[in-house]
Structures are given as C-alpha cells and as structure tokens.
There are 2 protein chains.
Amino acid sequence: MNLKDLAARLGLSQTTVSRALNGYPEVSEATRQRVAAAAEKYSYRPNTRAKGLATGRSMAIGHVIPISAQHEMVNPVFGDFIAGAGETYAAAGYDMVLSLVQDSQEERVYREMFAKGNVDGIVVHAPEMQDPRISLLQDIGLPFAVHGRASDVQIPYNWLDMNNKNAFLRATDFLLDLGHRRIGLLNGLEKMDFAHRRRTGYVEALLNRGIAVDPQLMRSEEMTENYGYQAVRQMMELPDPPTAYLVSSMIPAIGIRRAIHDAGLVMGRDISVITHDDDLSYLRNGDDVPLFTATRSSVREAGQQLARILIEQISNPQQAPKTKLLEAELTVGRSTGPNLEGR
Amino acid sequence: MNLKDLAARLGLSQTTVSRALNGYPEVSEATRQRVAAAAEKYSYRPNTRAKGLATGRSMAIGHVIPISAQHEMVNPVFGDFIAGAGETYAAAGYDMVLSLVQDSQEERVYREMFAKGNVDGIVVHAPEMQDPRISLLQDIGLPFAVHGRASDVQIPYNWLDMNNKNAFLRATDFLLDLGHRRIGLLNGLEKMDFAHRRRTGYVEALLNRGIAVDPQLMRSEEMTENYGYQAVRQMMELPDPPTAYLVSSMIPAIGIRRAIHDAGLVMGRDISVITHDDDLSYLRNGDDVPLFTATRSSVREAGQQLARILIEQISNPQQAPKTKLLEAELTVGRSTGPNLEGR
DNA sequence: TTCCATTACCAAATCGCTTTGGACGATTTT
DNA sequence: AAAATCGTCCAAAGCGATTTGGTAATGGAA
C-alpha cells in the first residue's frame, strides 16, 4: 500500500493525504480523521527511501564502531550504550545504522556515509586524545556527537563524558584514606582519552599527599579479564608490592580477584580493589551489597542522553554544541579495607 | 556531487554515466575509464535513498534485538555476533540497521520494517522454542535468517545454530567419566530454544548411564554473574551437593568460581566446572592454558556465516532455505578434575 | 549499393514521497 | 455589491538514482 493507492481509495489527492498524515493545517478535521482511519486500516507506512529522498533527511543515525586491527575486540560497553541510545532513537523515530570498521578505514567510511547520505548524524565512539575524526566531521559538515572527549581538540563540538579524572581522584583518595600508599593502576589503553584522564586523577591524588608516582605500578592495556590477572600477578612479585589496585573496568577487576585468590589472599582484607563500573546489564556489581567498591556511571544512560543531544543538533543545526559531564558515584563495597601492613 | 552534475561535467547523459559505473556492457571502454576517473576525482557516491527508490532495494539488513521488559538486559553475546555479521555486510556492501525493541512490540516492528521498506532482510536473534516471529516473517514475505532454531516451528527457514544438545551431552559425559554423579546444571532461561536443547543433552547423558535426574540440581535463569554465584551457594547447602557444575556461559561461570572460592574450596580440585564459551573478544578463556574446561564455539564466526546465508537468500529469493549446524569443541582447562568423594 | 546488426549513446519515464503554486467556493470585510 | 480573506483541496514539479525504449553512426554481409 503506497500513498497513491491510499489516496485513490479515499478519493483524495496524494497532496491532501500526505498533509493529513503529517499534521499540516490545510486539511479539514473531518478528512483528517477519515485519512487516519484508512491509513490505520490498510496499515500504511510511508516508504522510508521515498520520504527521505523527498525531504532530504534519512531519519537514521550512524554509529561507527572502531575495531582495532591488532585486537579485533568489541568494547563490552558498547552493547549497553547502544541500548540506551536506541531507546531515544526509537522514541524520536530514528533508525540506528551500525558500521564496524577497521580503524584505518574510518575516514573513508565517514566520508562515504556523508556522500551516500544515509545518515543524518553520527555518534563517535571511543575518542582518542587527539582524535582526527572530530575535525574531519566538522569539515564535511555532518552533525555528530562524541561519547567522551578529545583532550587535544580545541574546536567546540557535542560531547557527553563521565568525569573520569574526578572519579579516579576520589577513588584514589578513598584508598589513601584507608592507609594505602602503594596503589596499582590498571588503566585502559593510554591513547584513549578516558584512560589519560583517569591517570591524571590518580596521579593528582597521589601528589596531593606528597606520594611519589611509581611507573612500575601503572599499566595500560586493553581491558580483558586476563589483563587484570596477569598485571596483578606481576605486580605482586615486586619487592614492595601494592596493597591496593585501581582498575578501569569490571572485566579486568574480575581478573584481579582471581589473581588475589590464586595467591591465597582475600580481597578487601589483604588487598583492596576499586574498579570503575559502567553498570552493564549482564555484569551487575552485586545485587544487594556491591561486590566491588566502585566508581559507577551508567553507560546506558550516557547513550540515552548523548542520543538526545545529537537529535537536538540535527533538528536545529545552527545551535551551539552542547556538552554534558556526568559525575560517577563512589559506592563502597566489600573489596576495600584498611591497609594492614606496617605503619 | 550527484549524478546529474557528474554527467554534465563529463558531457554525457546520466544514463551513460550510471551504466558506466554499474558495469553495464553498452558503454565503450574508453568512456568507462573516463567516467570512473571523474567519479573518483569528485568522490561521487550514489545517494543511497535515491538508488534504493529506483532499484526497490535498500541494501540494508535489520537486526531486531529483543529487550525483555523485566530484565532490560542486552545479551553480552550480541556485540561479538554483530561484529562478525558486520564484516560480511561490509564486504557485500550492506548496511546494518539495529532496532532494540521491547519484546512485546516485536511484531509491530517487523511489520513496520517491511512496510517502510528500509531493510532487505532480517536477522532473528534469540529464538524461543515456539517463536511466532518465524511464521510472521514468512507471512509478510521478508527474507530472514535465525541465529539458533525454534524446536517447535516446522516450516523450513534459514538458520545457523550451534549443536547445543551435543555440546552439553559431551560435557556431561566428560564429567561422568571423571566420576561425578551429582552435576548441577545452570542453564539460561528455559523458554529460550538453546537452553532447552542444552538441558536435553544433559539429561540424555545422565539417563544413558542410568543416573536419575534431580530437579533440585537444575536452574534456569538469565545468565548474570550473580546468578552463577547465588545458584551454586544454594546448591552447596543441599544434603548431597553437586561435585560438578555445567553452566551455559562464561559470565555465570565466573560467579560460580567466586562461590567456590568463598566456600574455601578450589575449583578443579574440590569442585569441577564446565562452561559453554562463546569466545567473546573481551572474555577470553585464558590466553595460553584455558581457565575453564569449556565447550567452545565462536559467536563471531556464527555472525559471519549467518550473514552470508541471509545475503544469499536475498539475492536469490526462490532458493530453498539453508541451514548450518556448528559443532562446539570441548577444550579441557583447569576447572575440572576427578571426583574425589567417596566411591 | 542496400540492408541489417552492432556499438555507443541519449531523452524521458519511473520509484513513492513532499511541497510549491494555484483553484474554487464560502465567508467576511469594505 | 464588490473585494478581500479563508478554508480545502488538487495538479504537477521536484528529490537522485535506474531503466525502458529509443536513435545515429559504423561496419559487414548480401
């Protein structure tokens, strides 16, 4: 059933039917009702491509998920983020189109998306410190919003970020207050902007108390379970091993827990752990009492809000870019306790 | 840059330019070269919507991800699956469009997708035993392929599944061979087809050896870490607790490990665990030696292959449906050992 | 030399929608 | 009573591609 058929069946012109369905005023209330009823009856839905061609808009938003050539890893956070974004899109009538792209090909893909015109805007995932994608998108003039920020990019753009620095500063403070002085940092890849900010918070907290930063206690890798395990095993071998660890995600935190257990120690008593918790749906941090002490910020909510920002930008292109900084909350679980060693 | 402009710049008609770019024979080799060069120079890309309108195809494939209203959980497997599918789509020139939908709304969404015509085919995720989506899609005549199967649906359709029954039969046999007689099953939700098949394999293996099936040892829930933990804690309280567990995914397996540790026991010595492992990129089962004994089958590869099946079906609509059954491999890790109790 | 394929191109129709620029009575204003 | 306004509707022109149904020029066969 297309517009032509529907109009014919109603004895009206396509113009009138189209206007009736799209809420234009130059249609009498009576015929509007009649049209709506018929559209319902025949379950008429305007063809997306035709509508897009006529309006110049595609009612779709692109998410380009970078796949690093070396690791071929999909960020586990991603599922929940798009679940959040998807809710917002659905409510606003947008589709979501996904491209998984080798990071070397990203520029080409963005340009193509624009040229082919199959999205009205783009969400940029996993920004690096000096991310070339931002100025690229600015140049080609495709509306976009970034999940995170790029520290070294100065032009204004839409972003939504968690206050990474503050979260890790507070977490480090919390450990320091418990008497810990040797604190291991298991960060994400250092080129990622969030990892850089987290390290900054950690370092600042230490320096505030006059504690030297020991490079041996800082690691930076892709956040797998095994990374958490191996890194802690190794740090435990140090002459003066950490009594506490700060880690960027629940997944390596689970690896840390394994390493602690394997060493015959008890997490929260012998060794403290704080993790960042993205509040993933399948990896809840305990149901009643949180398992890990954690800085928590829902990535799903981030998805919802960022989608909203982008949609606003699209429907109002000359609007100034919007930004939003979410604060993580520190929830105390059973993975932290006072430093029992010496002093 | 659109076709009209490009044609004008070349002093050719739109027809000829279009034909040159799409490889039709009625264009001289010389002009084809000239057109290709100009297209490259101006980085011309045909507008997707216009092309789609003209050809009647959208070059996009829909993935409808069901979100259960109660749990609001995104299946963790999903990220890796679409990473696999995405590779195939990219190579074949298809886009991927995602809809996250409350499961109550699924029928409406499928019908709309068809009516609006914004996908050429659909991948059905997480089929249940008697899944109404399959006959629905058959009815509305939209090509589709299912990741998994629906036991109670008899009509032929495209699917790709892992041999769930056989995997769990072999895993159970493996535990029985090690002398275990009390084996707990931590399954996924029983309404899901895969969970039903896995239980069938488990039950069959037990019955083959004349061992009675104890309902107290079988659980069926959404596969979170906490589920694994709680279920095992509870089963440990039984008068005659299991000496081994079989679990449907790595995530609850991690919870099981935690429960075992918390009880002061050692996994692989005091209690054996076998998990199914979807080979998720961020949750590898150990780097060198597998941590868990596991039945493994790459969900990413499943994505690749299922996408290929669907694309074939789309480009050749009267072709008979294709099916593919993947066998899981049983890899022995450090989570299993002989039953030390009694006998 | 005439006729017929073949080659290489083009004008215009088409896909299904939105939107522009009227048209035509009925009502209100002057 | 004539003019202006308003409320409803419509025909036709886009949007940017593909595709149908041609035409003119060339070369070989009859």
Side-chain angles (χ1 to χ4, degrees), chain A residues 1-36 38-39 42-60 93-95 112-120 315, chain B residues 1-36 38-39 42-60 93-95 112-120 315:
Chain A
M1 172 69 56
N2 57 24
L3 184 61
K4 198 171 164 188
D5 296 348
L6 186 63
R9 232 173 270 255
L10 281 161
L12 290 170
S13 72
Q14 298 189 34
T15 310
T16 303
V17 176
S18 171
R19 296 209 138 131
L21 292 173
N22 290 309
Y24 283 79
E26 46 287 75
V27 177
S28 76
E29 198 47 37
T31 55
R32 187 189 303 284
Q33 300 284 349
R34 209 159 61 86
V35 170
Y42 300 112
S43 65
Y44 165 75
R45 295 279 179 289
N47 180 293
T48 310
R49 298 189 295 275
K51 184 165 189 160
L53 189 55
T55 57
R57 302 181 47 178
S58 61
M59 294 307 283
Y94 279 87
D95 283 332
E112 262 180 23
M113 278 201 162
F114 179 69
K116 299 198 299 179
N118 47 1
V119 297
D120 294 334
S315 49
Chain B
M1 171 69 55
N2 58 22
L3 185 61
K4 199 170 162 187
D5 295 348
L6 186 63
R9 233 172 268 256
L10 281 161
L12 289 170
S13 73
Q14 298 189 34
T15 311
T16 302
V17 176
S18 172
R19 299 208 135 132
L21 292 173
N22 290 308
Y24 283 79
E26 46 286 75
V27 176
S28 76
E29 197 47 40
T31 55
R32 187 189 303 282
Q33 300 283 352
R34 207 158 63 87
V35 170
Y42 300 113
S43 65
Y44 164 77
R45 295 279 179 288
N47 180 293
T48 311
R49 298 187 296 275
K51 183 165 190 160
L53 187 57
T55 57
R57 303 183 46 179
S58 62
M59 295 307 284
Y94 279 87
D95 283 332
E112 263 181 20
M113 278 201 162
F114 178 68
K116 299 198 299 177
N118 47 2
V119 297
D120 293 333
S315 48

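Quick note: numbers below take in every heavy atom, side chains included, and nothing from hydrogens, waters or symmetry partners. These figures come from a predicted structure and were not determined experimentally. Here is how names work: the chains are called A, B, and so on, in the same order as the sequence lines, proteins then strands, and each is numbered from 1.
- Look at Thr55(B) and you won't find any side-chain N or O under 4.0 angstrom from OP1 or OP2 of dT18(D).
- Computed from coordinates, the Asp5(B) CG to dG16(D) P distance equals 9 Å when rounded to whole Å.
- For the segment residues 23-30 of chain B, the set of residues with a heavy atom within less than 4.0 Å of an atom of DNA chain C comprises Glu26(B), Ser28(B), in numerical order.
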Next on the checklist: Pair Leu12(A), Arg34(A) - check side chain to side chain contact (heavy atoms under 4.5 Å, CB included), show working.
Outcome noted: CA-CA 11 Å; Leu12(A) 290 170; Arg34(A) 209 159 61 86; 3.9 Å; yes

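- If you measure from atom CD of Gln14(A) to atom P of dA11(D), you get 10 Å, rounded to the nearest angstrom.
- Closest heavy-atom contact between Arg19(B) and Val27(B): CB-CG2, 3.7 Å.
- Evaluation of the side-chain hydrogen bond (donor to acceptor under 3.5 Å, both in side chains) rule for Ser28(A) yields Thr31(A) as partners, not counting sequence neighbours.
- Remark: Leu6(A) CG to Tyr42(A) OH distance equals 8.0 Å, nearest 0.5 Å.
- Within residues 46-54 of chain A, the residues that place at least one heavy atom under 4.0 Å from DNA chain D are, in residue-number order, Leu53(A), Ala54(A).
- Partners of Gln33(B) under the side-chain hydrogen bond (donor to acceptor under 3.5 Å, both in side chains) rule, at least two apart in sequence or in another chain, are Glu29(B).
- Across the protein-nucleic acid pair, Lys4(B) atom NZ and dC15(D) atom C1' stand 10 Å apart, rounded to whole Å.
- Between the CG atom of Asn2(B) and the P atom of dC15(D) there is a distance of 9 Å, given to the nearest Å.
- Note that the CG atom of Leu21(A) and the CZ atom of Arg45(A) stand 10.5 Å from one another [nearest 0.5 Å].
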N/O donor-acceptor pairs under 3.5 Å from side chains in residues 47-54 of chain B, not counting sequence neighbours:
from, atom 1, to, atom 2, distance (Å)
Asn47(B), OD1, Arg49(B), N, 2.8
Asn47(B), OD1, Ala50(B), N, 3.0
Thr48(B), OG1, Lys116(A), O, 3.1
Arg49(B), NE, Gly52(A), O, 3.2
Arg49(B), NH1, Gly117(A), O, 2.3

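- OP1 or OP2 of dC10(D) sits under 4.0 Å from a side-chain N or O of Ser13(A).
- Judged by closest nucleotide on DNA chain C, Val17(B) is the one of Ser18(A) and Val17(B) placed further toward the 5' end.
- The side-chain hydrogen bond (donor to acceptor under 3.5 Å, both in side chains) check on Ser43(B) picks up nothing, with sequence neighbours excluded.
- Helix bend of the helix from dT1(C)-dA30(D) to dT30(C)-dA1(D): the angle between its two end axes, each built from five pairs, comes to 60° after rounding to 10°.
- Straight-line distance from the CG atom of Leu3(B) to the C1' atom of dC15(D): 13 Å, rounded to whole Å.
- Atoms OH and CG, on Tyr44(B) and Asp5(B) in that order, are 10.0 Å from each other to the nearest 0.5 Å.
- In this structure, Leu10(B) CG and Thr16(B) OG1 are separated by 10.0 Å, a value rounded to the nearest 0.5 Å.
- On the nucleic acid side, DNA chain C contacts chain A at distances under 4.0 Å to non-hydrogen atoms, with the end points of that region at dG16(C) to dG21(C).
- Taking the side chain to side chain contact (heavy atoms under 4.5 Å, CB included) definition, one finds that Asp120(A) meets it with Arg57(A), Ser58(A), Met59(A), Tyr94(A), Ile314(A), sequence neighbours left out.
- Note that the NZ atom of Lys4(B) and the CD atom of Gln14(B) stand 7.0 Å from one another [nearest 0.5 Å].
- Here dA17(D) presents its C1' atom at 15 Å from CZ of Arg57(B), a figure rounded to the nearest Å.
- Taking 4.5 Å as the limit, some side-chain heavy atom of Arg9(B) sits within range of a side-chain heavy atom of Met1(B).
- Annotation: side chain to side chain contact (heavy atoms under 4.5 Å, CB included) contacts of Phe114(B) (sequence neighbours excluded): Ile140(B), Leu142(B).
- Listed by chain and residue number, nothing satisfies the side-chain hydrogen bond (donor to acceptor under 3.5 Å, both in side chains) test with Thr15(B) (two or more places apart in sequence, or in another chain).
- With rounding to the nearest 0.5 Å, the separation of OG in Ser13(B) from CG in Leu3(B) is 8.5 Å.
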Checklist outcome for this item: Heavy-atom contacts, protein to nucleotides 20-28 of chain D, under 4.0 Å, summarised as B (base), S (sugar-phosphate only) or - (none) per nt, yield BB-------

